[in-house]
Amino acid sequence: ATLLLFASITAFTTSAAPVSFLEAKDLPVQTNLPDVMTMADGTKVTTVAQWRARREELKAILEHYELGHAPPPPGNVSGTEIQSRPVLDGAAKFQLVHLKFGPDEKLGFDVTIFTPTNGGPFPTIINPSFFMTPGVNFTNHASAPAAEVSTNAATTNSSARPRFNFGAPVDPERAARGFTNQLNRGYAIVTYRYTQCGEDNAGFRTNSFYPAYPGYDWGVLLGWAWGLSRVVDYVETQPFADKNKLIALGHSRLGKLVMVATAFDERISLGAPAGSSGAGTGAYRFCGPDRGGKEGIEDMTRKFGYYFVPRLAEFTGQMEKLPFDAHWFIALTAPRPWISIEGTDDQNCVPNAVRQSVLAAKPVYEFLGVSADRVGVNYEPHRHALTADDWSATLDFADKNLRGMKVERSFDQFPPEQSSTNSIAPK
């Protein structure tokens, strides 16, 4: 049944679903998490065919109320190598590749690829980054400032917020050192600066690939996810990559990006959103003002409304009318493995909200005949950051779920204050 569910792969496309889209004020109150296993007409999902139809309903609802609608895949993604050389004393290879696609192949962006020198094809991590794409505009190791990319985050374990120059050119050799553990463990890395797929501001529609696709109402979050799928288009044609072991990992707002991309693009084998904050993996009904604190939908639509369609802001003050919740993104990922990478002291993320999403999505995995352990979570002791320990946990989870390797650690532990039984609202 699971194989049938994924027999046809279509990235970022949905068929028309028989869903009635009411205004926010007219939607019914749902204090519990909206059930993913009940069709829009009230029918309970009991067969794989029904689940396939329900998936289209879930996507249609998320598109209408939160994400907007993206154009279909361009179908003509190709890559041109700009630079290539050994790094890490010959243990790995660096490539800078320009992707092009779209009308007249005039759209595109740059990605950097690091691969182990020996072996392959490799499980491949697609890692959108805050930093410049390594190798772009980098000419002089001595004079050009080089950002360290091993954390791929705007903050570290410290409560103070360091000042990173995200626009500084990145030395490929130094970037490769940041990925030494991943490369040593047999993974390839594809990384790129996310803003190539849309500036992180309200004017994003005037740049990148958006002007080529007028008439689409997508917010930039869906645009960033659509861009990640263009990376998948290219990577799955390359001999270095094991296309059955493609992993997406990003931190903070890039965690939201990964969450959306993994849910909508079934070619991504494993999703690992990290510290995804408000409108991320934590159930929306369990975070934000008066619902668990920290960062909620109201905060996101106020500060970053351009991520979404304007309709999402209409739920401010009436979150109980939201017709979906974050666990829908995990359900759409099923039966593929998925893990939320978190910090115990993250100032943006509510552990109980993440817990609610994880627990509410597990029954979908069981329905599809796979272990609910394919939905995981891992906490490390830090604030809003992506650390070396987070990377190691992700690789362990991928080793277990994609490579069939024996891994002793478990991926179901929440901070102690969240380990007691809380009210679970999966339906």
Side-chain angles (χ1 to χ4, degrees), residues 79 82-83 87 92 94-99 108-115 124-138 144-156 161-183 187-201 204 208 220-221 223-232 234-235 241 246-262 268 270-277 280 307 341 384-388 390-391 394-395:
I82 301 171
Q83 300 179 41
V87 288
F94 152 76
Q95 290 177 282
L96 178 63
V97 174
H98 179 73
L99 304 184
F109 56 95
D110 297 323
V111 301
T112 288
I113 302 168
F114 294 107
T115 52
T124 298
I125 301 169
I126 301 173
N127 175 223
S129 173
F130 292 104
F131 295 106
M132 287 282 284
T133 305
V136 172
N137 296 329
F138 188 88
E148 190 69 75
V149 301
S150 59
T151 59
N152 187 24
T155 58
T156 67
R161 184 182 179 90
R163 296 179 180 273
F164 286 111
N165 181 2
F166 293 118
V170 177
D171 175 6
E173 179 66 37
R174 190 170 181 181
R177 289 202 297 271
F179 291 121
T180 298
N181 185 42
Q182 293 88 326
L183 293 163
Y187 287 82
I189 299 287
V190 181
T191 188
Y192 63 97
R193 192 180 193 185
Y194 76 110
T195 51
Q196 295 180 99
C197 300
E199 290 295 326
D200 198 340
N201 57 57
F204 72 93
S208 187
V220 78
L221 178 58
W224 292 337
W226 191 87
L228 190 149
S229 282
R230 307 291 69 81
V231 180
V232 174
Y234 175 72
V235 167
L246 302 183
I247 302 156
L249 183 150
H251 179 258
S252 194
R253 64 196 63 188
L254 310 188
K256 286 185 267 285
L257 181 172
V258 162
M259 179 185 76
V260 173
T262 305
I268 298 171
L270 185 155
S276 54
S277 309
Y307 285 11
I341 298 297
H384 192 61
L386 179 64
T387 69
D390 294 322
W391 273 105
T394 304
L395 298 182

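Predicted model, so just to flag it, every value in this text is computed and none were measured. Atom set for the values below is all heavy atoms of this structure, side chains included, hydrogens, waters and symmetry mates excluded.
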Of all the heavy-atom pairs spanning [X] and [Y], show the shortest one and how long it is.
X	Y	value
Leu254	Pro128	CD1-O, 3.3 Å
Val111	Tyr192	CG1-CB, 3.9 Å
Thr394	Ala272	CG2-CB, 3.9 Å
Leu99	Gly79	CD2-CA, 4.2 Å
Thr262	Gly271	OG1-CA, 3.5 Å
Leu183	Ala176	CD1-O, 4.1 Å

Check: [Y] main-chain N/O paired with [X] side-chain donor or acceptor under 3.5 Å:
X	Y	value
Gln95	Phe114	no
His251	Ala385	yes
Thr387	Asp390	yes

Flag the pair [X] / [Y] as yes when at least one side-chain heavy-atom distance between them is below 4.5 Å, and no otherwise.
X	Y	value
Thr191	Pro134	yes
Ile126	Leu249	no
Ser277	Arg253	no
Ser276	Lys256	yes
Ile247	Ile268	no
Ile113	Val97	yes
Ile82	Val136	no
Phe94	Glu173	no

Plane angle bin for Phe179 and Trp391 - parallel if under 30°, tilted between 30 and 60°, otherwise perpendicular:
perpendicular
Parallel, tilted or perpendicular: which one describes the rings of Trp224 and Tyr307, with boundaries at 30° and 60°?
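Perpendicular: the ring planes of Trp224 and Tyr307 meet at over 60°.
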To the nearest 0.5 Å, what is the distance between [atom1] on [X] and [atom2] on [Y]?
X	Y	atom1	atom2	value
His98	Asp110	NE2	CG	6.0 Å
Arg230	Cys197	CZ	SG	9.5 Å
Phe109	Thr195	CZ	OG1	11.0 Å
Leu257	Trp226	CG	CH2	13.5 Å

Report the residues that fulfil ring-ring contact (aromatic ring centres under 6.0 Å, His included) with Tyr234, sequence neighbours left out, ordered by chain and then residue number.
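Tyr234 satisfies ring-ring contact (aromatic ring centres under 6.0 Å, His included) with no other residue.
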Evaluation steps, side chain to side chain contact (heavy atoms under 4.5 Å, CB included), between Ser252 and Phe130:
CA-CA 10 Å; Ser252 194; Phe130 292 104; 4.1 Å; yes
Qualifying residues under side-chain hydrogen bond (donor to acceptor under 3.5 Å, both in side chains), relative to Thr112, sequence neighbours excluded:
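In terms of side-chain hydrogen bond (donor to acceptor under 3.5 Å, both in side chains), with neighbours along the sequence ignored, Thr112 is linked to no residue.
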side-chain hydrogen bond (donor to acceptor under 3.5 Å, both in side chains) partners of Glu199, counting only residues at least two apart:
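Once residues adjacent in sequence are excluded, Glu199 has no partner under the side-chain hydrogen bond (donor to acceptor under 3.5 Å, both in side chains) criterion.
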Going by atom types alone, do Tyr194 and Asp200 pair a side-chain donor with an acceptor below 3.5 Å?
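Asp200 and Tyr194 do have a side-chain donor-acceptor pair below 3.5 Å.
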Could you give me the CA-CA distance, side-chain angles and deciding distance for Ser208 and Gln196, then say whether side-chain hydrogen bond (donor to acceptor under 3.5 Å, both in side chains) is met?
CA-CA 6 Å; Ser208 187; Gln196 295 180 99; over 6 Å; no
